[in-house]
Protein chains: 2
Amino acid sequence: MTYETALTALAEPTRRALFERLRRREHSVGELAALARISQPAVSQHLRSLRRARLVTHRQVGTRRYYRADRQGLDELRSYLESMWDDVLIAFAAADPAPPKPRKTK
Amino acid sequence: MTYETALTALAEPTRRALFERLRRREHSVGELAALARISQPAVSQHLRSLRRARLVTHRQVGTRRYYRADRQGLDELRSYLESMWDDVLIAFAAADPAPPKPRKTK
DNA sequence: TGCTTATATAAGCCATGACTTATGAAACGG
DNA sequence: CCGTTTCATAAGTCATGGCTTATATAAGCA
């Protein structure tokens, strides 16, 4: 059920940009806020959303919190898409041989 | 670049429900509108969004339009997530051996 | 203990987008 | 042709959510 949260989290462009920045290495909130063009609170709000989706985790060092990408949310999203993909393939295989015929208006 | 459109298209619950219904077999707009609890125009608007994201295609039979899932948009989204996944794994492998140390406040 | 730094939360504003009803456009049937 | 069916588009309403500024929390340092 987390894949829904992950989908909506990654759909937002600014939030996706944050996540893409975290996918390689961890960043503190301040670093992220400095790079993005939005305020620090806005960044924190996005991070909360990403946290809930299990797309990021953080660890605390002094007053700073270092965020990094988390596999969980990404993996749930991935497996959701896999199942969609499989169904679509099966549907194609089943439908192609015999395309449905026009029907009379009831 | 289409993966962005696909993400925002699938993020919306009603639209995702429509797509999930189409993943197995095709449906006419009327069928979809009858099953969903929203008006037919609302369904058409969602279908337009899914079309732009290459998540569905349609064929016309008389006055009806039968929609089915399309592989393109789904595949673009899938490969986007794959690349994210790969980066995250690499970052984990690189970071785990030597977790960054606390730094003094500048 | 107070001052500073770093981040989170609160409250309010405003644009986006998901819905509605009304209408237009196309194809079929009589 | 003309009415009916099916779908798309238009226009307008309203809620959601992403942003802002202001403030709370909390840790380090003198």
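Below, read A as the first sequence line, B as the second, and so on, with proteins coming before strands; counting in each chain starts at 1.
- Residues satisfying the side-chain contact (heavy atoms from CB on, under 4.5 Å) criterion with Ser79(A), sequence neighbours excluded, are absent altogether.
- When the salt bridge (charged side-chain N to carboxylate O under 4.0 Å, His left out) test is applied to Asp75(B), the partners found at least two apart in sequence or on another chain are Arg78(B).
- For the pair Gln60(A) and Thr8(A), nearest-nucleotide mapping onto DNA chain D gives the more 5' position to Thr8(A).
- The base of dA6(C) lies outside donor-acceptor range of the side chain of Gln40(A), with no N or O pair under 3.5 Å.
- The nucleotide whose nearest atom lies closest to any side-chain atom of Val29(A) is, among dT20(C), dT7(C), dA8(D), dT7(C).
- Summarising the geometry, the separation between CZ on Arg37(B) and C1' on dA18(C) is reported as 16 Å, rounded to the nearest angstrom.
- Remark: Gln45(A), His46(A) in residues 44-51 of chain A come within less than 4.0 Å of DNA chain D through at least one heavy atom.
- The distance between atom CD1 of Ile38(A) and atom C1' of dA8(C), rounded to the nearest whole Å, is 14 Å.
- Listed by first and then second residue, the ring pair (Phe, Tyr, Trp, His ring centres under 6.0 Å) pairs that reach into residues 13-56 of chain A come to none, sequence neighbours excluded.
- Of the candidates dT20(C), dA8(C), dG18(D), dT20(C) carries the atom nearest the Pro41(B) side chain, counting heavy atoms from C-beta on.
- Sorted by first and then second residue, the salt bridge (charged side-chain N to carboxylate O under 4.0 Å, His left out) pairs involving residues 40-58 of chain B (not counting sequence neighbours) form an empty list.
- Nearest nucleotide to the side chain of Arg64(B), out of dC19(D), dC7(D), dA8(D): dC7(D).
- In this structure, of dA27(C), dA10(D), dA6(C), it is dA27(C) that holds the atom nearest to the side chain of Thr63(B).
- Within residues 15-23 of chain A, the residues that place at least one heavy atom under 4.0 Å from DNA chain D are, in residue-number order, Arg15(A).
- OP1 or OP2 of dA8(D) lies within a sub-4.0 Å distance of a side-chain N or O belonging to Tyr67(B).
- Using a 3.5 Å distance cut-off with no hydrogens or angles, the side chains of Gln45(B) and Ser49(B) do not pair a donor with an acceptor.
- Look at Arg21(B) and Glu31(B) and you find no salt bridge, because none of the NZ, NE, NH1 or NH2 atoms lies under 4.0 Å from a carboxylate O.
- For residues 68-88 of chain B, every residue pair satisfying the ring pair (Phe, Tyr, Trp, His ring centres under 6.0 Å) rule, not counting sequence neighbours, is listed here: Tyr3(B)-Tyr80(B).
- Here Asp87(B) pairs with Arg23(A), Arg24(A) under the side-chain contact (heavy atoms from CB on, under 4.5 Å) rule; sequence neighbours left out.
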Please list every donor-acceptor pair under 3.5 Å in which a side-chain atom of residues 8-18 of chain B meets a protein atom from a residue at least two apart or in another chain.
unit_1	atom_1	unit_2	atom_2	d
Thr8(B)	OG1	Thr5(B)	O	3.0
Glu12(B)	OE1	Thr14(B)	N	3.0
Glu12(B)	OE1	Arg15(B)	N	3.0
Arg15(B)	NE	Ala9(B)	O	2.9
Arg15(B)	NH2	Thr8(B)	O	3.1
Arg16(B)	NH1	Leu10(B)	O	2.8
Arg16(B)	NH1	Ala11(B)	O	3.4

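- Atom CG of Leu10(B) is separated from atom P of dA18(C) by 12 Å (rounded to the nearest Å).
- Using a 4.0 Å cut-off, some side-chain N or O of Thr14(B) falls inside it from OP1 or OP2 of dC19(C).
- Look at Arg65(B) and you won't find any side-chain N or O under 4.0 angstrom from OP1 or OP2 of dC7(D).
- The distance between atom CD of Glu31(B) and atom P of dT5(D), rounded to the nearest whole Å, is 17 Å.
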